[in-house]
Every structure is written in C-alpha cells, then in structure tokens.
Amino acid sequence: ASHSETNDYSQPHSSCLDVHINAPSPAFTERMQSLQPTLKLASETAEKMDNTDLANMHGEHEGINGSLTLVTAAFNIGRRHKEFSFEDDYVDNLKHLLSLQVPIVVFCEPSTAAAIKPYTHKQATIIDLTIRELCELFPWHSEVENIRKREDWPPHGRQAGNVAKRENYNTVVMAKMYLLSIAAHKYAQSAYTFWIDAGFCARSVQKPLQWQWHKNDQYKFSVFGIAYEFQDGIDIHGFTEKGYEMLSNGTVPNMHLRGNIFGGSQSAIKNAMELYHAAMRDSLAAGIMGTEESVMTLASIRSPQSFQIIDVSMGFRGREQPCRMFRL
C-alpha cells in the first residue's frame, strides 16, 4: 500500500554541519572530531541530491521566529555513543541546547537538572523527573516490560545487543510522545512545539537561529521517515509485518518513521497523541512491540492524512538534521 505523500525540502545549510560548543569538554571535542567524516559525507550527499530549489520556495515559508518551543529529555538508561559517558554526551548536549537561548522544555533526572541549572534562562523550563516517576507516568510500563522480558522478543534471534531489551529503555523512548504532549499543552507558549532528541541531532542546531517552517500544514504532525523493507518479517525494532497488517486493516508501511525530531501545532500534536495512544494500546494488547518509532509508524498508516512525512531515506543518519525540518 502506498504511504502518504512525502516531501524532501532544503539541502543542509553549512550551519547545520558546523559542530561547536562554548568551552567543550575534552571528551566532547574528541567525539565531535570522530564525527567529522560523517558530517562531511552528509554534506557531500546533500549536494548531489536533486532537491526542490530553495529559490522557488521562499513564498511558501511561514516565518515562526520565537514561536517554536523545543522539547527534549535525558535519562541515564545506559545507552552510549561509542565510549563517551552520559555526562560528556547527553548532559553536554543539553547545555548546548540551553546556550541557544530559545524556548525549551527539558525533562531529566534531578542530578542532571542540577548539572544544567547554571545554563538555564528565562525561556527554559526544567522538569526533574526520576526514571521511576517516568515509569509511573507512562501508562503502558507494565505491558512493555512484560513483552521485553519474553525470551521470544524481539523475534528471529534479534535479542543479542538490542538496546530495547534493557530495563526501562522502551518506557523511556515510548514516553517521548507523552512528554511532548505535556510540554505543548502545559508549558509551551509557542505556536509550534517540536521534540528533538538529546543525542547527536541536538548538536546540529546552531546559532544564529531564524526558524522558518517548511510548507506548514498546521493540522499535520511532522516527522522524518525512511524507506524501509522488512527483514524476516519484522521491522528494525522487532515489530512484525503481520502485526502492522493486522492492526491497520491490511496496510503494510513502506516508510518507517523516525523518533528524533517531530512535532507541530498544538492541534496536530493533540491529534497525533490520540492516534499514538490508540496504536500503543492495540499493539501491546496483541503482544506486538517494537519501539516508539514502530508505534508512530503504525499510527501513520492508520491515519496517513494526519502526518507530514519528510523523507530522509538516502544517507538518513547524516541527513536527519533540524535544517531539514526548519530553515535555521
């Protein structure tokens, strides 16, 4: 079945590919140096792509300077990028996002909140939350943990090395949509609210910021997607092809949604949250689980008219930059 229409907008700006931070730690500097080949490849790939001419798009942009709120979270659940510590990785990334002086809501553990407190500003809302409290907040924690502990999940021998097999991992990542919804309706003062992971893509947001929205549809929820083919009948996170088909009245996705940057207007987030919640409920009740990306994918094939999917399939790990969602 054909997915909803996808769009691929601007090529990355040079500002999206320049990685820096005020007074970086030695470990972070080393990490950024190790990523430079990836960034260079991303730039070269983008230059070769036949994308829409930006010169013809200026009239279709809606400027949203100051009316965009970022939402992120950082919980120490053992995930690492190479050998870097949680502090040199995620906590440094939070400090960087705060240094941009843009409206932002951060959910994090009390120790992290204390570490980033000197970097906060009047447009920043820091909500300290323990992992235990997050598990209590997330309505499907017990169901998720029951499936995670099964010896046959994920299927086809995908258990070894799978980060989603770690305790509380799926609760944390699956809670992103709930945290975004809370932030959008309780804390954000902006017309648009977007989740941005506190991992690598957070570093790609650089000054100066001149937010502009690409072809905005205030009723659609915007998210990155990649073309995807199933292997052994399951997606990359363990959600089965038959599960998608069963839970969507016969539709199998040809795009896999990504969980790093997503959001929209308050009405778009409210609608997407309802769809996400229903997809979570139904899939867990059927004993089928992937990660938050699988749930968003299921929600999107059930209601394709509710999602604006930005295709970043070619070289996606280098192209999932904020400048593809916004012009900076």
Next on the checklist: Per the salt bridge (charged side-chain N to carboxylate O under 4.0 Å, His left out) rule, what does the pair list look like for residues 288-299, sequence neighbours excluded?
Outcome noted: Lys176-Glu292, Arg258-Glu293
Checklist entry - So how far is it from Phe75 CZ to Thr130 OG1, rounded to the nearest 0.5 Å? => result 8.0 Å
Checklist entry - Could you state the interatomic distance from CD1 (Ile269) to CG (Leu180), rounded to the nearest 0.5 Å? => result 4.0 Å
Item to check | Contact check, side chains of Phe221 and Ser300, non-hydrogen atoms, under 4.5 Å | outcome: no
Item to check | Flag side-chain contact, heavy atom, 4.5 Å: Tyr228 against Asp235 | outcome: yes
Item to check | Pairs meeting criterion salt bridge (charged side-chain N to carboxylate O under 4.0 Å, His left out) with involvement of residues 115-129, two or more places apart | outcome: none
Which side-chain N or O atoms in residues 181-188 pair as donor and acceptor under 3.5 Å with protein atoms at least two apart or in another chain?
| from | atom 1 | to | atom 2 | distance (Å) |
| --- | --- | --- | --- | --- |
| His185 | ND1 | Gln266 | OE1 | 3.2 |

Checklist entry - Just how far is it from atom CG of Leu137 to atom CD1 of Ile131, taken to the nearest 0.5 Å? => result 13.5 Å
Item to check | Verdict with reasoning, Arg148 to Met289, per side chain to side chain contact (heavy atoms under 4.5 Å, CB included) | outcome: CA-CA 8 Å; Arg148 178 188 69 82; Met289 185 171 75; 4.3 Å; yes
Item to check | Where Lys165 and Arg150 come nearest, the two heavy atoms and their spacing | outcome: NZ-O, 3.1 Å
Item to check | Any side-chain heavy-atom pair of Lys95 and Val91 under 4.5 Å | outcome: yes
Item to check | His141 side chain reached by Asn168 side chain, heavy atoms, under 4.5 Å | outcome: yes
Next on the checklist: If I take atom OH from residue Tyr169 and atom CE from residue Met174, how far apart are they, to the nearest 0.5 angstrom?
Outcome noted: 10.0 Å
Hey, can you pull the donor-acceptor pairs under 3.5 Å for the side chains in residues 102-115, sequence neighbours left out?
| from | atom 1 | to | atom 2 | distance (Å) |
| --- | --- | --- | --- | --- |
| Glu109 | OE2 | Asn76 | N | 2.8 |

Next on the checklist: What's the separation between atom CG in Asp282 and atom OG in Ser248, rounded to the nearest 0.5 Å?
Outcome noted: 11.0 Å
Item to check | side chain to side chain contact (heavy atoms under 4.5 Å, CB included) between His237 and His256, worked out | outcome: CA-CA 10 Å; His237 298 303; His256 184 83; 3.6 Å; yes
Checklist entry - With Asn271, which of Ser265, Ser306, Ser303 fulfils side-chain hydrogen bond (donor to acceptor under 3.5 Å, both in side chains)? => result Ser306
Checklist entry - Given side chains that start at C-beta, do those of Val163 and Ile77 come closer than 4.5 Å, heavy atoms only? => result no
Item to check | Donor-acceptor contact present, side-chain Ser313 to main-chain Ala227, <3.5 Å | outcome: yes
Checklist entry - Is any side-chain heavy atom of Met255 closer than 4.5 Å to a side-chain heavy atom of Asp311? => result yes
Next on the checklist: Assess the residue pair His96 and Tyr119 against the criterion (side chain to side chain donor-acceptor pair (under 3.5 Å)); give the C-alpha distance rounded to whole Å, side-chain angles, the decisive distance to 0.1 Å, and a yes or no.
Outcome noted: CA-CA 9 Å; His96 170 68; Tyr119 298 82; over 6 Å; no
Checklist entry - Do any pairs count as a salt bridge (charged side-chain N to carboxylate O under 4.0 Å, His left out) and have a residue in residues 260-269, sequence neighbours left out, and if so which ones? => result none
Item to check | Any donor-acceptor pair under 3.5 Å from Arg302 side chain to Leu247 backbone | outcome: yes
Item to check | Heavy-atom pair of closest approach, residues Gly199 and Asn93 | outcome: O-ND2, 3.0 Å
Checklist entry - Would you call the rings of His277 and Tyr178 parallel, tilted or perpendicular if under 30° counts as parallel and over 60° as perpendicular? => result perpendicular
Next on the checklist: Once ring pair (Phe, Tyr, Trp, His ring centres under 6.0 Å) is applied, do any residues pair with Tyr244, and if so which ones, sequence neighbours excluded?
Outcome noted: Phe230, Phe239
Next on the checklist: Treating Glu143 as the side-chain partner and Ala285 as the backbone partner, does any N or O pair qualify as donor plus acceptor under 3.5 Å?
Outcome noted: no
Checklist outcome for this item: In short, Ala279 meets Ser283 closest at the heavy-atom pair O-OG, 2.8 Å
Checklist outcome for this item: Between Pro154 and Gly238, the two heavy atoms sitting closest are CB-CA, 4.0 Å
Checklist entry - Hey, are the side chains of Tyr219 and Gln305 touching, using non-hydrogen atoms and a 4.5 Å cut-off? => result no
Checklist outcome for this item: For Ile301 and Thr251, the nearest pair of non-hydrogen atoms, with its separation, is CD1-O, 3.5 Å
Next on the checklist: When you measure from the side chain of Thr72 to the backbone of Ile196, do you find a donor-acceptor pair of N or O atoms at a distance under 3.5 Å?
Outcome noted: yes
Item to check | Residue pair Leu298 / Val295, side-chain heavy-atom distance below 4.5 Å | outcome: no
Checklist outcome for this item: Between Ala198 and Tyr90 the two heavy atoms that sit nearest each other are O-CD2, 3.4 Å
Item to check | From Leu68 atom CG to Thr193 atom OG1, the distance as rounded to the nearest 0.5 Å | outcome: 7.5 Å
